[in-house]
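Residue numbering restarts at 1 for every chain, and letters A, B, ... go by the order of the sequence lines.
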Protein chains: 2
Amino acid sequence: MKSELSTPGVGSRKKRGEGHTRREEILLAAKKLFLREGYEATTIRRIADVVGVSAPALYLYFKDKEAIMLALCDETFGILVERMGKIEKTGLPPIERLRQCGEAYVRFALDNPQEYWLTFLSGNTPKKVKDKGHKPEAIDPNEPGSAGATAFAKLMGMFRDIENAGMPLYFPVDTAAELVWMSLHGLVAALITSPEFPWTKRDALISGMIDMAVRGVVRLP
Amino acid sequence: MKSELSTPGVGSRKKRGEGHTRREEILLAAKKLFLREGYEATTIRRIADVVGVSAPALYLYFKDKEAIMLALCDETFGILVERMGKIEKTGLPPIERLRQCGEAYVRFALDNPQEYWLTFLSGNTPKKVKDKGHKPEAIDPNEPGSAGATAFAKLMGMFRDIENAGMPLYFPVDTAAELVWMSLHGLVAALITSPEFPWTKRDALISGMIDMAVRGVVRLP
DNA sequence: ACTTGTAACTTAACGTCGATAACTTATCAA
DNA sequence: TTGATAAGTTATCGACGTTAAGTTACAAGT
């Protein structure tokens with residue numbers, strides 16, 4: 001039993017980072033290293049060094065290396081859900097909300113390439129992330145790996161709004177959502193896994209992909 | 001200097017696979033293991049075991065583990081280039097050729113998911129594959145890692161044909177090619193990394209994505 | 001005040017990985 | 001027969017993720 005109950009969170013040893021718990025310190029150090037060096041290149045020992053403890057100490061707080069990254073992914077995708085929630089709440093016409101959400105999604109992914117790669121690209125990632133990665137149904141928002149799912153669900157709801165606003169789609173809503181998400185996903189995947197490739201201007205690709213997807217999916221007047 | 005020149009290929013020891021050279025045996029064994037277990041899970045020692053030699057022996061034929069995979073990717077993507085070449089040679093209208101090439105590309109990727117993942121999705125893939133993976137310029141077809149490049153170049157040439165046939169594009173040719181490739185890439189990536197996800201009908205997604213991309217990129221009369 | 005329990009560590013080590021160095025054997029041209 | 005060379009081998013390196021087992025700090029119970 002974890003006894004974070006008596007004098008909550010202040011009971012421990014707390015030699016180092018006075019303001020944080022060990023768990024938070026580990027996540028902070030791991031995030032810094034994952035972002036700078038990449039997932040594979042970041043070693044458990046290196047994280048432990050930065051935190052200032054021995055390597056096995058990390059296993060007191062996380063089951064294994066994957067669990068550390070998983071926790072970071074959740075943390076990060078929470079931000080995306082938050083951002084998309086804000087856009088949803090604006091009173092903009094639904095098609096404009098779709099555009100903004102699409103752009104937000106892409107920007108977010110490019111700002112967090114490691115987390116995005118681990119969640120959606122890496123094949124040998126924890127099954128949980130992939131299985132529940134963007135399932136529109138049966139989401140438990142408190143389970144790790146489901147933040148991305150919530151984001152996808154929001155995108156999908158937007159297509160219903162567009163149709164309800166009187167603009168017909170070339171596809172059923174679920175197919176339309178999948179196609180648009182996949183095209184944005186492809187853009188992001190390419191830019192992330194081959195950032196050094198001489199793509200044409202990045203901003204043009206982003207807005208271009210959104211234009212292409214919208215024009216290809218919704219019948220404009 | 002490699003002296004495969006005197007009595008070509010038959011000079012060696014040749015204890016085992018009589019019909020093959022060691023190099024081919026290694027590639028065969030590696031391919032089997034990569035496809036069954038994945039890149040990371042396949043070890044040098046395991047490949048060597050299957051071939052029937054010691055692990056360091058592999059380093060006589062390949063610089064490192066990456067080089068083995070690079071050779072395999074090239075081999076596979078050669079088939080794709082071949083298929084797309086056939087489609088190119090048909091006298092079909094350019095937009096129909098584009099559609100068929102797009103479909104061929106997707107089908108190929110879904111038929112060879114492991115190779116596709118290794119070449120375009122896996123983050124720890126050899127830099128060369130990513131760098132030269134689909135570069136439209138400066139292609140040396142005899143250098144490893146350029147087969148995918150040739151395929152992309154073919155796709156790009158098709159857009160020039162479309163424009164020359166009098167159908168204007170919403171984007172410059174290079175951007176158009178990148179966008180269409182990226183959207184197909186996204187479709188493929190999603191289906192490969194999350195095959196168990198309840199996507200709407202697969203064939204509908206493929207033809208739907210092609211329709212969406214074409215409608216989004218080329219101004220139809 | 002002294003024991004006891006336990007959370008939070010440590011050091012040591014295991015097994016495996018990719019890769020290299022250094023030695024050995026087989027083959028064949030001279 | 002020799003001796004160069006191709007084609008291996010065994011032994012080993014350093015680094016990895018992870019586990020086992022021992023140690024220290026500290027709060028509560030008596």
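When the nucleotides D:dT18, D:dT12, D:dG8 are ranked by their closest atom to the side chain of B:Arg45, D:dT12 comes out on top. Checked against D:dG8, D:dG17, C:dG18, the side chain of B:Tyr61 finds its nearest nucleotide in D:dG8. Side-chain atoms of A:Pro56 lie closest to C:dT10 of the nucleotides C:dG18, C:dT10, D:dG17. Checking D:dG17, D:dG8, C:dT20 against the side-chain heavy atoms of B:Leu60 singles out D:dG8 as nearest. Side-chain atoms of B:Val53 lie closest to D:dT9 of the nucleotides C:dC9, D:dT18, D:dT9.
Contact between the side-chain N/O atoms of B:Arg22 and the OP1/OP2 oxygens of D:dG8 is found at a separation under 4.0 Å. For the pair B:Tyr59 and D:dA7, the criterion of a side-chain N or O lying under 4.0 Å from OP1 or OP2 is not met.
In the model, A:Tyr105 has a side-chain atom that pairs as donor or acceptor with a side-chain atom of A:Trp181 under 3.5 Å.
Rounding to the nearest 0.5 angstrom, the gap separating the SG atom in B:Cys73 from the NZ atom in B:Lys31 is 9.0 Å.
In this structure, CD1 of B:Ile44 is placed 16 Å from C1' of D:dA15, rounded to the nearest angstrom. Rounded to a whole Å, the CD atom of A:Glu40 is 11 Å from the C1' atom of D:dC16. The CZ-P distance, from A:Phe62 to D:dT19, rounds to 15 Å in whole Å. One can place NZ of A:Lys63 at 8 Å from P of D:dT18, the figure rounded to the nearest angstrom. We find that CD1 of A:Ile47 is positioned 11 Å from C1' of D:dG17, with the value rounded to whole Å. For the pair A:Met69 CE and D:dG17 P, the computed distance is 14 Å after rounding to whole Å. Between the CZ atom of B:Arg23 and the C1' atom of D:dA6 there is a distance of 17 Å, rounded to whole Å. Summarising the geometry, the separation between CD on A:Glu24 and P on C:dA8 is reported as 14 Å, rounded to the nearest angstrom.
A salt bridge links A:Arg107 with A:Asp203: the distance from a Lys NZ or Arg NE/NH1/NH2 to an Asp or Glu carboxylate oxygen falls below 4.0 Å.
Using a 4.0 Å heavy-atom criterion, one finds that B:Ser54 contacts the bases of the nucleic acid, with or without backbone contacts as well.
Ring orientation note: the planes of A:Phe120 and A:Tyr116 are tilted relative to one another, at an angle of 30° to 60°.
Residues satisfying the side chain to side chain donor-acceptor pair (under 3.5 Å) criterion with B:Arg97, sequence neighbours excluded, are B:Asp161.
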